[in-house]
Amino acid sequence: MIELAGISFSYPERPVLRDVSLCIGRGEYLGITGDNGSGKTTLVKLLNGLLLSQEGEVTVDGTPTSDRESLFAIRRSVGIVFQNPDAQAVGETVEEDIVFGLENIRVPSSEIDRRIEKYLGMLGIPELRDRNVSLLSGGQKQLVNIAAVMAMEPAYIVFDEALSMLDASNRRNVLLRMSELTMRGISIIQITHNPKDLGNCHRVITISEGRISGTVGFSSEIAMPSDSNASVDGRTITAECANETNEGKGEKSAVVNWMHNTATDIDDINRKYNPVDFTACMGSIRPQRKKGKRCGEFGNHRTGHVSGVSREGDGIEIRHLTHTYSPDTEWAVPALKDVSLTIGRGMVTGIVGGIGSGKSTLACLIAGLDTPTSGSIAIDGRSPKPGGNVRILFQHPEEFFFERTVREAVAFGPSKAGLPDDAVEASVLSAIDEVGLGRGILEKSPFKLSSGEQRLAAFAVSIAVKPEYVILDEPTAGLDQRSRRLVLDAIRRMTGGGGAGGGVTVIYISHQIGEVLEVADRIAKLSAGNLVFEGTNAMYRDRM
């Protein structure tokens, strides 16, 4: 059992957790939810001693995490899969990545091969065993990280938004495997903003402002090793947990209300997709230019009639595009195959597909960050040019902040464009307002914001330079519902001709099909590098 007794933790600039008490039994499937910045990831790091509590005590099977001599055993017992897969990758190949952890915990060599085969097969990715990790998509990397942690067979596994880059089919498979592990006595702790991920949990808690603000139990199949048990809502739990579990009894807890208000089945549309999430792209800036004429109309599900296909030479023209990573080597990976696509100006074009389908590869090629193996891309009649045509918002934009404050980060682009100080300040304020952040955030360090705040601040950086084309690669992954809504609202304003965006063209890459259908005018679907659908939002809905 993992027990947290009266835990409090503060970073230098702010308190995060306050007097948290919680126990997690063997074989329990615990869901944890809460807004960005509420303290969830800090809680995760306390569970295996990556952080040490400043008040109270954390014990794992009776051993306090403050016992330095026991830290290796504790971390062997509590495995963590974090949201950003690149933060945990250590090997050159998938096999080496998994072997690294197994060798560190002294798994016999005769057992290592069996575990690699077992867990890659369990997650449906045995063909990735010899692949170079750096050439995998973001979703594939997440699956490899999950396999690597599962293969170490810890007693407790924590998933911190670790399914955020998976399509619906792979996510469902991972959730099934997580439930199977609890039947073998392994405890699962899952942190997520996605209510559909919580259906198999025995118990869900919500964290708000550093405290447990609601708890609800769903199942009676939790095996908690204790001589003193109590029954709450038909569940068998330890006496130590009874008070904490009873917090949510009576009225509906915040978790139940949240799940009912936000749950949707629209992701089922996406169950057969296969996306790609290469994140080694770099953003670029283009000064505002006079727009050309456009022709062609189609019905817009959001605002009525908007422009459809641009006139020749205007917009993005992709013709017979093929791209292979590391061609003519043992690492060769075909990513795109003879793709032809037109992206008209002033619209939102959604790019959808499952893990490995080529979405982010296409984005990088449009931005001129790589040269296609064959075929062509023209933006307003010109070849893509890094720093000249397209601005990209990365999947993990927090990795690319380098200024001391949010104000300096947002002001960087307009300043480099040679705008006078008053115009730079106006651009900064307009961009911050546009993404829904309070102006008080401007003097904060971007490195000390919550993940949701970081994503929105990066969004502000992108639109402050008034680009004509913006690529958003999974912009809502890992965000809470409020932050997701702010991003979607900002996209609408960007393409509406007003505000900081000034009527930009948006390419929106996402596994969240519901969000794509909400904001996109046109949709292109990729599957295994092939373009298998391109048309209006309404056409996509009819087809699906």
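- No donor-acceptor pair under 3.5 Å is formed between the side chain of H202 and the backbone N or O of E28.
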Inset, instruction - Let me see the working for D160 and K40 under salt bridge (charged side-chain N to carboxylate O under 4.0 Å, His left out), right down to the final yes or no. - result: CA-CA 8 Å; D160 187 5; K40 303 185 301 299; over 6 Å; no
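- In the model, D167 has a side-chain atom that pairs as donor or acceptor with a side-chain atom of N170 under 3.5 Å.
- No side-chain donor from either of D19 and S8 sits under 3.5 Å from a side-chain acceptor of the other.
- For CD of E117, the number of neighbouring non-hydrogen atoms (other residues, nucleotides, ligands) closer than 6.0 Å is 12 at most.
- Nearest heavy atom pair, residue D61 against residue S77, reads OD2-OG, 4.0 Å.
- Taking 4.0 Å as the cut-off between side-chain N and carboxylate O, R115 and E153 count as a salt-bridged pair.
- The CD atom of Q142 lies 6.0 Å from the CD1 atom of I146; values are rounded to the nearest 0.5 Å.
- Side chain to side chain, E515 and T476 meet the donor-acceptor criterion of an N or O pair below 3.5 Å.
- Not counting sequence neighbours, F82 has no partner by the ring pair (Phe, Tyr, Trp, His ring centres under 6.0 Å) test.
- Considering all non-hydrogen atoms of both residues, A458 and L393 come closest at CB-CD1, 3.4 Å.
- Environment of CZ in R184: crowded, with over 12 heavy atoms of neighbouring residues, nucleotides or ligands closer than 6.0 Å.
- R171 and D197 are joined by a salt bridge, as a carboxylate oxygen and a charged side-chain nitrogen come within less than 4.0 angstrom of each other.
- Salt bridge E518/R492: present, at least one basic N to carboxylate O contact under 4.0 Å.
- Of the N and O atoms on the side chains of Y156 and R26, at least one donor lies less than 3.5 Å from an acceptor on the other residue.
- From L166, atom CG reaches atom CZ of R172 across 11.5 Å, with rounding to the nearest 0.5 Å.
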